[in-house]
S.K.: 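Below are the structure tokens for one structure; questions will follow.
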Amino acid sequence: MQLQLALDLVNIPEAKELVKEVEEYVDIVEIGTPVIINEGLRAVKEIKEAFPNLTVLADLKIMDAAAYEVMKASEAGADIITILGVAEDMSIKGAVEEARKQGKKILVDMIGVKNLEERAKEVDEFGVDYICVHTGYDLQAVGKNSLEDLLTIKRVVKNAKTAIAGGIKLNTLPEVIKAKPDLVIVGGGITGQEDKRAVAAEMKKMIQQGE
Ligand SMILES: O=C(CO)[C@H](O)[C@H](O)COP(=O)(O)O
């Protein structure tokens with residue numbers, strides 16, 4: 001089980017500072033959608049250059065022109081690129097094909113997917129690397145989480161790794177670990193805390209104990 005740090009509400013210098021603080025406890029650093037909107041793929045490039053040994057995920061949440069966008073994110077240094085589960089089949093297949101050419105990985109974000117079980121089975125057949133259940137900020141605000149959805153994809157996904165994102169904090173991490181996803185994605189649960197390093201260390205320890 002791996003830990004991914006999601007950076008959403010920072011600029012590039014703040015992102016570098018944050019990664020420096022917690023890098024020994026995280027396996028993947030996500031350059032979040034808001035950061036890419038604000039700073040462009042330059043954010044991916046600068047973080048990869050500053051931390052070449054870390055796996056960097058570009059959270060592009062691709063919806064169309066998938067092969068082109070995967071190519072551009074790959075050129076910027078991303079190791080993993082995200083596409084939405086609600087995108088067209090052709091887009092997801094195109095993303096996978098381009099990622100293979102570039103030696104990169106694709107994570108499918110199932111945010112907003114209504115027929116989760118059926119879509120997860122379909123997407124799993126396209127050769128994607130990760131399938132991620134995700135409660136976005138707007139649904140977190142009304143008390144939702146993705147635990148049940150994680151159990152659903154764990155049941156039906158046979159090839160891809162499973163991931164979960166959305167509002168995970170120290171106090172909710174144990175139930176997430178119990179469901180054994182391959183990847184746990186945490187943003188505010190680390191970045192919003194006073195002692196980010198201590199929280200990241202504790203989360204990493206809990207994850208290792210849960211394996
Ligand atoms: O992709 C995202 C928002 O769309 C976030 O990166 C993801 O939800 C993790 O952040 P948090 O733990 O703060 O919810």
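We count ligands from 1, going down the list as the structure has it; atoms in each ligand are counted the same way.
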S.K.: Regarding Lys93 and Glu97, does a basic nitrogen lie under 4.0 Å from an acidic carboxylate oxygen?
M.R.: no
S.K.: Is the backbone N or O of Leu54 less than 3.5 Å from a side-chain atom of Lys48, with the two atoms forming a donor-acceptor pair by type?
M.R.: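 Looks like yes, one N/O pair under 3.5 Å.
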S.K.: Looking at Lys105, I'd like to know if its NZ atom is crowded, meaning that more than 12 non-hydrogen atoms belonging to other residues, nucleotides or ligands lie closer than 6.0 Å.
M.R.: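 Counting other residues, nucleotides and ligands, NZ of Lys105 stays at 12 neighbours or fewer.
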S.K.: With a 4.0 Å heavy-atom cut-off, what residues sit around ligand 1?
M.R.: Ala6, Asp8, Glu30, Asp59, Lys61, His134, Tyr137, Gln140, Gly166, Gly167, Val186, Gly187, Gly188
S.K.: Please identify which of these residues, Glu24, Glu21, Glu23, Glu202, meets the salt bridge (Lys or Arg N to Asp or Glu O under 4.0 Å) condition with Arg197.
M.R.: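 Per the salt bridge (Lys or Arg N to Asp or Glu O under 4.0 Å) rule, the option paired with Arg197 is Glu24, out of Glu24, Glu21, Glu23, Glu202.
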S.K.: Any side-chain heavy-atom pair from Val128 and Leu107 closer than 4.5 angstrom?
M.R.: no
S.K.: Can we say Glu69 and Lys72 salt-bridge, meaning some charged N sits less than 4.0 Å from an Asp/Glu carboxylate O?
M.R.: no
